[in-house]
There are 2 protein chains.
Amino acid sequence: MAVAKRLEVKLESNVLDNVEWYILMSKNIKISDIAKSLGISTATVSRALSGSDRVTQATKDKVKQEADRLHYRPNLAARNLRIQKSMAILLVVRDMSNPFYLEVFKGVEGIARRAGYSVLMGNTEGDVERENEYFNMLADGHVDGMILMTGKLPAKHKLLEMPASETSIVIALEKIKDCNLRRVIIDNEAAAEVATQHLIDLGHKKIAHIAGPEHEPMSMLRTKGYRNALKAAKLLSTEKLEYIGDYSLESGKAACHKLFSNAQDYPTALFVANDEMAFGVINELRKIGLDVPQDVSVVGFDNLSFSGSFYPPLTTISQPRIDIGKQAMHMLLNVMNGKIDTAVDMRMPTNLKIRSSTRQLNISDNSEVKND
Amino acid sequence: MAVAKRLEVKLESNVLDNVEWYILMSKNIKISDIAKSLGISTATVSRALSGSDRVTQATKDKVKQEADRLHYRPNLAARNLRIQKSMAILLVVRDMSNPFYLEVFKGVEGIARRAGYSVLMGNTEGDVERENEYFNMLADGHVDGMILMTGKLPAKHKLLEMPASETSIVIALEKIKDCNLRRVIIDNEAAAEVATQHLIDLGHKKIAHIAGPEHEPMSMLRTKGYRNALKAAKLLSTEKLEYIGDYSLESGKAACHKLFSNAQDYPTALFVANDEMAFGVINELRKIGLDVPQDVSVVGFDNLSFSGSFYPPLTTISQPRIDIGKQAMHMLLNVMNGKIDTAVDMRMPTNLKIRSSTRQLNISDNSEVKND
DNA sequence: TTGAAAGCGTTACCAG
DNA sequence: CTGGTAACGCTTTCAA
């Protein structure tokens with residue numbers, strides 16, 4: 001605030017009432033300036049400004065007008081100190097460079113700003129250290145609330161030992177074991193089932209799956225959905241048809257080599273647990289001479305903003321990312337205001353976006369004998 | 001802070017010295033608690049904690065130990081109010097959902113956190129209203145500094161009327177007319193020239209260009225680089241070979257139809273001002289039966305994280321996004337600390353990433369007669 | 001080297 | 001309905 005400093009010298013002069021001068025020199029007007037100028041108390045000014053109903057409309061108007069004239073802008077640090085809030089929330093993600101989170105952020109930010117909150121974004125990159133750091137920010141009052149998108153919780157943090165109703169945390173899209181915080185989620189299992197069913201409906205019999213990391217709840221749910229669909233259709237479900245990846249492009253490539261090692265007998269369809277891995281397999285498939293969707297159909301999960309411009313345009317499960325962000329923020333707002341909904345989970349809809357990476361399997365394409 | 005509230009009741013009791021109790025109840029320890037517990041003044045505690053050299057090492061140690069024992073955590077709002085800083089900076093972008101900004105953000109955040117700053121992200125979406133709002137945040141002291149990535153400035157804002165040395169703003173990657181704020185940039189013109197030259201080196205004669213929005217400085221620079229290269233190679237440069245887009249996927253598609261309307265005589269190469277538009281053209285080209293790079297070579301600009309997984313993997317100009325973010329933040333830190341470098345611009349290197357969307361043009365491919 | 005005390009700009013309590 | 005004033009928790013000046 002070099003500006004403010006420079007002014008203090010000049011303040012000695014007697015032009016304190018000259019509005020023009022204030023504006024020109026960008027002196028920071030405070031409540032007491034308005035009060036002095038109007039000959040009333042700071043208390044009244046404060047109340048008038050915050051729209052308290054314990055002030056006459058007349059004084060309210062007078063104060064507001066004077067505030068405008070003087071270009072008054074409240075000092076947030078002071079207010080925050082006084083009301084013991086930071087008016088900021090924190091969105092924590094695993095990996096900030098994943099574009100997936102951007103739209104969620106957008107949703108969150110929109111609602112937050114309207115409610116007067118700023119949004120900080122933190123990324124843990126899987127680092128427990130940093131995870132803890134972000135939890136500390138909440139504990140320290142650096143932020144008033146937190147939306148967690150890292151399927152993890154610090155091993156032990158004092159915040160987690162308090163009743164959930166007093167912890168301003170909302171979990172988005174992730175499932176965390178042994179944790180009963182409020183969440184906004186999608187039905188991963190059902191969505192995965194829908195995705196797989198789409199493949200089944202297209203006539204595929206041998207459907208493989210590229211999963212996310214083992215033991216990770218979200219990933220397990222998607223795998224479960226895949227298995228459910230196969231089971232319901234009485235199709236082959238074996239571990240040989242499942243590859244465990246880590247959501248990365250690279251692991252998609254690796255899966256390709258594993259699943260398609262036998263040139264004679266490979267799966268004709270693939271349900272991949274996220275779009276990024278799907279990109280990886282498809283590109284690798286092309287390299288080994290297999291075309292999507294001609295030779296193998298692929299459906300992904302996420303519908304990244306990019307998935308539609310991929311070649312071939314990817315059939316995938318679409319999540320309402322912006323709405324998820326909005327809902328999470330709404331929920332957090334409620335939590336912070338003490339209006340805690342009894343409903344613990346808010347479930348957002350997903351839908352299958354059918355594009356061009358999947359196709360009907362002709363009977364002649366299939367070397368296996370139909371068994372029904 | 002429901003917690004704190006609940007405690008005030010209990011505070012009446014006489015167990016104020018019971019550390020365990022403090023921890024258990026997550027009572028917020030303040031400097032005066034440490035002072036009281038140690039029988040010294042708050043001034044000394046504050047100094048000890050901030051590492052002032054006007055305290056004996058002995059007391060420093062004592063204080064720090066006690067602070068640890070009591071799990072002291074400073075109250076930022078109070079500190080910020082006192083020192084008249086917010087310890088937060090703002091990164092303003094045009095469109096938050098553009099993944100391009102994510103890595104810049106990552107770079108910024110890393111440096112900022114290390115320096116004790118939080119990072120807020122704002123997006124203007126081209127809205128002048130919001131642009132002004134973000135400038136107000138800076139003027140109000142809501143943030144201490146600002147990194148601008150929207151090639152725009154509010155028409156008139158008091159901040160802009162102060163000497164640049166007192167305005168804590170750094171411009172990243174954009175050029176703004178009539179504005180002498182500090183910037184971290186790349187050499188758009190030279191990079192575009194390199195990109196185009198690559199096409200020329202591959203033997204292409206008829207090279208078209210898909211530009212960004214007209215009148216926008218960055219876009220103009222890239223177009224200029226393209227023209228320079230053609231001129232130097234004595235190649236045809238005409239308005240008919242240039243299409244003005246808006247950086248969007250859609251405008252890339254539109255460009256395709258315009259530039260390739262004549263099936264007999266179309267450009268064999270394309271320099272596209274950003275990757276997103278490149279994706280658009282390439283997909284559209286495929287639809288009208290033209291293969292990249294077989295029939296037409298394409299080079300983009302940006303090297304989005306996705307560009308390598310596109311099909312075909314895109315040849316493009318790569319910008320060091322994370323480093324750009326880091327540098328911008330370093331610069332901002334210097335500005336905020338009053339260590340203003342005399343150097344106004346920091347230029348970051350770019351490089352041409354050659355992948356598979358460009359190929360050597362055979363002489364037989366070219367219907368035109370060589371003229372050299 | 002340390003301590004007392006004055007703020008930083010608000011809000012909120014308690015009187016009137 | 002309004003005014004005086006005590007916080008909020010910290011840093012920093014001025015004295016000792």
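A note on names: the letters A, B, ... follow the listed sequences, proteins ahead of strands, and every chain is numbered from 1.
Side chain to side chain, Q57(B) and D61(B) meet the donor-acceptor criterion of an N or O pair below 3.5 Å.
Of the candidate nucleotides dT2(C), dC1(D), dT11(D), dT11(D) has the atom nearest to the side chain of R82(B). For I31(A), the side-chain atoms get nearest to dT11(C) when compared with the rest of dG9(C), dT11(C), dG3(C). Checked against dT2(C), dG3(D), dG9(C), the side chain of T44(A) finds its nearest nucleotide in dG3(D). Ranking dT11(C), dT11(D), dC10(D) by closeness to the T42(B) side chain, first place goes to dT11(D). Taking only side-chain atoms of A43(B), from C-beta outward, the nucleotide of dG3(C), dC10(D), dG9(D) with the closest atom is dG3(C). Closest contact between the side chain of Q84(B) and the listed nucleotides dT2(D), dG9(C), dT1(C) involves dG9(C).
Remark: side-chain polar atoms of N132(A) are not paired, donor with acceptor, to backbone N or O of E129(A) under 3.5 angstrom.
In this structure, S46(A) reaches the bases: a heavy-atom distance under 4.0 Å links it to at least one base atom across the strands shown. At a threshold of 4.0 angstrom between heavy atoms, the contacts of T59(B) are confined to the sugar-phosphate backbone, with no base atom among them. In this structure, R79(A) reaches the sugar-phosphate backbone alone: every heavy-atom distance under 4.0 Å involves primed, P, OP1 or OP2 atoms, never a base. Residue-level contact check: L76(A) touches neither bases nor backbone, having no heavy atom under 4.0 Å from any strand.
A salt bridge between R69(B) and E66(B) is present, with a side-chain N of the basic residue lying under 4.0 Å from a carboxylate O of the acidic one.
Protein atom CG of N28(A) is 8 Å distant from nucleotide atom P of dG9(C), rounded to whole Å. What separates CZ of R47(A) from C1' of dT10(C) is a distance of 13 Å, to the nearest Å. dT2(C) atom C1' lies 17 Å from atom CD1 of I34(B), rounded to whole Å. In this entry the distance linking CE of M87(A) with C1' of dG9(C) reads 17 Å, nearest Å. dC8(D) atom C1' lies 14 Å from atom CG of D33(B), rounded to whole Å. Put simply, CD1 on I83(A) is 22 Å from P on dA6(D), counting in whole angstrom units. Protein atom CG of N75(B) is 5 Å distant from nucleotide atom C1' of dG9(D), rounded to whole Å. As rounded to whole Å, 13 Å separates atom C1' of dT2(C) from atom CG of L38(B).
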- Query: Going through the distances and angles, do D144(A) and S86(A) end up as a side-chain hydrogen bond (donor to acceptor under 3.5 Å, both in side chains)?
  - Reply: CA-CA 6 Å; D144(A) 296 333; S86(A) 64; 3.1 Å; yes
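Closest non-hydrogen pair, A48(A) versus V55(A), comes out as N-CG2, 4.0 Å.
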